[in-house]
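Encoded as structure tokens, the structure appears first; notes follow it.
When a ligand or atom number is given, it counts from 1 through the structure's own listing order.
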Amino acid sequence: MSFVGKAVHYSVDLLLVSTILAGVKRNTGLAPKKDLFGPQPQEYFDKYLGAGEYIYDTSVGFMNASAYFERK
Ligand SMILES: *[C@@H]1O[C@H](CO)[C@@H](O)[C@H](O)[C@H]1NC(C)=O
């Protein structure tokens, strides 16, 4: 796979993990400790989790408006 292909692949994987973390946080209040990925700058960690929450919220909004989903 090309370098760009790999970069895209890993980015999508990272975003998927971030989105799952956002969903867990919304449902359980459990959020990962900030040293989950080692001693990263807090700013990057917040941005990473924020990206997941954005995708989560957008997906929920989309499904909420979709005729293919209903509330149970
Ligand atoms: C879902 O859509 C309804 C009607 O548009 C809205 O009132 C409600 O706040 C939405 N819920 C979520 C979780 O987005």
Item to check | Lys25 vs Glu53 side-chain heavy atoms within contact, under 4.5 Å | outcome: yes
Item to check | Minimal non-hydrogen separation, Ser18 against Tyr48, with atom names | outcome: OG-O, 2.7 Å
Checklist entry - Looking only at atom types and distance, does a side-chain atom of Asn64 sit under 3.5 Å from a main-chain N or O of Val60, one as donor and one as acceptor? => result no
Checklist entry - Once you round to the nearest 0.5 Å, how far does CE of Met63 lie from CZ of Arg71? => result 10.5 Å
Which atom pairs, nitrogen or oxygen on both sides, join ligand 1 and the protein at under 3.5 angstrom?
residue  : atom   : partner : partner atom : Å
ligand 1 : 2 (O)  : Asn64   : ND2          : 2.3
ligand 1 : 11 (N) : Asn64   : ND2          : 2.8
ligand 1 : 14 (O) : Asn64   : ND2          : 3.1

Checklist entry - Leu16, Leu49: one ILVMFWY side-chain cluster at the under-4.5 Å cut-off? => result no
Next on the checklist: Any salt bridge linking Asp57 with Arg26? Criterion: basic side-chain nitrogen under 4.0 Å from a carboxylate oxygen.
Outcome noted: yes
